[in-house]
Q: 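My questions will all concern the structure given below.
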Amino acid sequence: MNMQVSSFIPPVRTLMGPGPSDVSDRVLQALARPTVGHLDPTFIGLMDEIKQLLQYSFQTQNALTLPVSAPGSAGMETAFVNLIEPGDTVVVCQNGVFGGRMAENVKRIGAKLVLVEDDWGQPVSPQKLEDALKANPDASVVAFVHAETSTGARSDAATLCNLAAQYDCLSIVDAVTSLAGSELRVDDWGIDAIYSGTQKCLSCVPGISPVSFSDKAITRIRARKMPVQSWFLDLNLVLAYWDDTSAKRAYHHTAPVNSLYALHESLLVVKEEGLENSWARHKANHLKLKDGLESLGIEFLVDEDYRLPQLNAVKLPAGMTADQEATVRGRLLNEHGLEIGAGLGPFAGKIWRIGLMGHASSEANVEKCISALNDVL
Ligand SMILES: *Cc1c(COP(=O)(O)O)cnc(C)c1O
């Protein structure tokens, strides 16, 4: 082989898209610390702290709270394959891209899918969910996305989970974009299974998915008739490694040691700031961005009541074509080092998605984004 290869030195970007978000130097430094064995006694101590910090971030006492060693999509799959068996009836509420992936999980498990659809950009309708639950009394699980990153819409998780419980269903909630960015209370809201990701409002490196399961969910997993179809994501097996009550941790897979240093540090950042303060900061910077965008004549896609502060979905300036919008994003990246997101699915070439997630949710970034857009437009 005769090729010239040298170390990869990435450009410095400001990441204001739908994820990953900017990772702070503090978290990157944690990542770079020396690797230890994943059964090293000091590493076991780190795992216990990660669990406690995750319980704080999720606002839960759930014992089954841990980081899955793979991205948010694997957290999604963990919830679905553990709680659902072939032949079960599952209600999935879809109002964007990620609800569609939930539906795909249900189909692949061989369960019966009941799809409750809302227009993209709208929150999930509790009334439609209730109608579906009445029409399908055998349903055992309700799944929905709390913060739809494809549209910037927030659904009312407390009300939807309450409905699920009334109809004897467990709830699965996608909180990949909501965790640490806007109000989320797993125990108070009665969420049975939740998953998130490290690369959005935690501002950690991509590739890990924090999850948490209620006692009701654990009872369901223990009562399964069939083994979980995925060996890697089977919580019964993963638990044997993460279980802090067992004296001897069993090897399941090699934990991503350095990524977990980074996760620990990013969760510590959240704890130090305080969860409520983090939610308030995301909101304040969103309002500042909104003022700036509106002064450029740019309008929001989602109704004010359901807007996500960490994911600002906006319509293109009047008359702008899909080609022109791609050029604008290209210039923002090349001339200003600024990444913003494009639209997905029916919104491709129609909207921009401007993220203000975690470390990237700052006044300086809001100003940078507005002045760069002003310059390019
Ligand atoms: C990003 C995202 C995911 C997928 O997370 P990955 O880490 O990319 O696998 C799932 N759901 C929502 C709502 C997301 O925003």
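Counting starts at 1 for both ligands and their atoms, following the listed order.
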Q: Show me, pair by pair, the donor-acceptor contacts under 3.5 angstrom made by side chains of residues 292-305, not counting sequence neighbours?
A:
from, atom 1, to, atom 2, distance (Å)
Ser295, OG, Gly292, O, 2.6

Q: Can you work out which protein residues put a heavy atom within less than 4.0 Å of ligand 1?
A: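 Pro71, Gly72, Ser73, Phe98, Val145, Ala147, Thr149, Asp174, Val176, Thr177, Gln199, Lys200.
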
Q: Between Leu344 and Phe347, is there shared hydrophobic-cluster membership here, with clusters defined by ILVMFWY side-chain heavy atoms closer than 4.5 Å?
A: yes

Q: List in chain and number order the residues that pass ring pair (Phe, Tyr, Trp, His ring centres under 6.0 Å) with Trp279, two or more places apart in sequence or in another chain; answer none if no residue qualifies.
A: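 None.
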
Q: So among Lys128, Gln127, Lys134, which one has a side chain to side chain donor-acceptor pair (under 3.5 Å) with Asp131?
A: Gln127

Q: Please list, chain by chain and in numerical order, all residues satisfying ring pair (Phe, Tyr, Trp, His ring centres under 6.0 Å) with Phe8, sequence neighbours excluded.
A: none

Q: Closest approach of His38 and Ile44, non-hydrogen atoms and distance?
A: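 Nearest heavy atoms, His38 then Ile44: O-CD1, 4.2 Å.
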
